[in-house]
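All chains are named by letter (A, B, ...) in the order of the sequence lines, taking the proteins before the strands, and each is independently numbered beginning at 1.
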Amino acid sequence: MNVNDKTYRERVFEIVRGIPAGKVMTYGQIAIILGEGYTARTVGYVMHGAEDGVPWQRVINSQGKCSTDKLTLPHSLQQGMLESEGVIFSAAGKCDLGVYQWHPAGFEPESDDQTTLFG
DNA sequence: AACTTGACGAGGG
DNA sequence: CCCCTCGCCAAGT
């Protein structure tokens, strides 16, 4: 399995393309969904080579922060793109995953207690 | 084949 | 909240 294999990379991109604007997913979350020997690191490795119009900005780390701060990309470019989609970041550059994290159909968390929302 | 890096994650101080 | 350590998998030298 090689990150350059189209099938390998496509599985990651397929999920990322499914993230709607204003929502985010974490590297580790994507790795868990793919299962097959993927880890947060490999997903990140695949993501840094995203080119197919994949909304890479919607993939952040498990802390709710952008991992692109000190890298090739200008500081807060990713955060700025997400803010344009409505994601609110704290002064420390962190967003609330409990609010913005996207869960693909079939991989939703256990929490179904929305019945208590409005009594 | 060995060693280092890297858009990561969890745990501890 | 910041910093460090260790585990993880693939790529580049």
J.: Just to be sure I understand the geometry, which residues of residues 17-30 of chain A put a non-hydrogen atom under 4.0 Å away from DNA chain B?
T.: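 DNA chain B contact set from residues 17-30 of chain A: A:Thr26, A:Tyr27, A:Gly28.
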J.: Rounding to an integer number of Å, can you tell me how far A:Arg9 CZ sits from B:dA7 C1'?
T.: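 To the nearest whole Å, that distance equals 13 Å.
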J.: So, do A:Ile88 and A:Asp96 sit near enough that their side-chain heavy atoms are less than 4.5 Å apart?
T.: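 A side-chain contact is absent here, since even the closest heavy-atom pair is not under 4.5 Å.
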J.: Would you please test A:Leu82 and A:Ile60 for side-chain contact (heavy atoms from CB on, under 4.5 Å) and show each step?
T.: CA-CA 10 Å; A:Leu82 288 175; A:Ile60 62 181; 4.0 Å; yes
J.: Please give, in whole Å, the distance from B:dC8 P to A:Gln63 CD?
T.: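 Answer to the nearest Å: 9 Å.
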J.: Please state how far atom OH in A:Tyr45 lies from atom C1' in B:dA7, giving the value in whole angstrom units.
T.: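 Distance check: A:Tyr45 OH to B:dA7 C1' gives 11 Å.
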J.: Please name the pair of heavy atoms, one in A:Gln78 and one in A:Cys66, separated by the smallest distance, quoted to 0.1 Å.
T.: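 In terms of heavy atoms, the two residues are closest at OE1-CB, 3.3 Å.
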J.: Looking at the side chain of A:Gln78, which of B:dA7, C:dG12, C:dC2 is the nearest nucleotide?
T.: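 Of B:dA7, C:dG12, C:dC2, B:dA7 is nearest to the side chain of A:Gln78.
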J.: Just the table, please: protein N/O against nucleotides 5-8 of chain C N/O, every pair under 3.5 Å.
T.:
none

J.: So, does A:Ser62 get its side chain near the phosphate of B:dG9, meaning an N or O under 4.0 Å from OP1 or OP2?
T.: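 True: A:Ser62 side-chain N/O within range (under 4.0 Å) of B:dG9 OP1/OP2.
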J.: Between atom CG in A:Asn61 and atom C1' in B:dG9, what is the gap in whole Å?
T.: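 Going from A:Asn61 (CG) to B:dG9 (C1'), I get 9 Å.
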J.: Could you work out which one of C:dA11, C:dC2, C:dA10 sits closest to the side chain of A:Tyr8?
T.: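 Of all the options, the side chain of A:Tyr8 is nearest to C:dA10.
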J.: Using atom CG of A:Leu97 as one end and atom P of B:dA10 as the other, report the distance to the nearest whole Å.
T.: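 It works out to 11 Å between those atoms.
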J.: Counting only side-chain N and O atoms of A:Lys65, is one of them less than 4.0 Å from OP1 or OP2 of B:dA7?
T.: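 Checking A:Lys65 against B:dA7: no side-chain N or O falls below 4.0 Å of OP1 or OP2.
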J.: Taking atom C1' of B:dC8 as reference, at what distance in whole Å does atom CD1 of A:Ile60 sit?
T.: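 The distance from CD1 of A:Ile60 to C1' of B:dC8 comes to 12 Å, rounded to the nearest Å.
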J.: So with a 6.0 Å cut-off around NZ of A:Lys94, is the heavy-atom count from everything else above 12?
T.: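 Atom NZ in A:Lys94 is not crowded, with 12 or fewer foreign heavy atoms closer than 6.0 Å.
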J.: Let me check something: do A:Ile19 and A:Tyr100 share a hydrophobic cluster, defined by ILVMFWY side-chain heavy atoms less than 4.5 Å apart, either directly or through other members?
T.: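 No.
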J.: Would the number of heavy atoms belonging to other residues, nucleotides or ligands and lying under 6.0 Å from CD of A:Glu83 be above 12?
T.: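 Atom CD in A:Glu83 is packed in, count exceeds 12.
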J.: Please answer: with hydrophobic residues joined when any side-chain heavy atoms are less than 4.5 Å apart, are A:Met81 and A:Trp102 in the same cluster?
T.: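 Hydrophobic grouping puts A:Met81 with A:Trp102.
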J.: Could you tell me which non-hydrogen atom of A:Gly93 sits nearest to which non-hydrogen atom of A:Gln79, and how far apart they are?
T.: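 Closest approach of A:Gly93 to A:Gln79: CA-OE1, 3.6 Å.
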J.: For A:Ile32 and B:dG9, give me the distance from atom CD1 to atom C1', rounded to whole Å.
T.: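 To the nearest whole Å, that distance equals 9 Å.
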J.: Among B:dA7, C:dA10, B:dG9, which nucleotide sits nearest the side chain of A:Ser67?
T.: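 Shortest atom-to-atom distance from the side chain points to B:dA7.
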J.: Please identify each residue that fulfils side-chain contact (heavy atoms from CB on, under 4.5 Å) with A:Ala40, with sequence neighbours left out.
T.: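 Here the qualifying residues are A:Tyr27.
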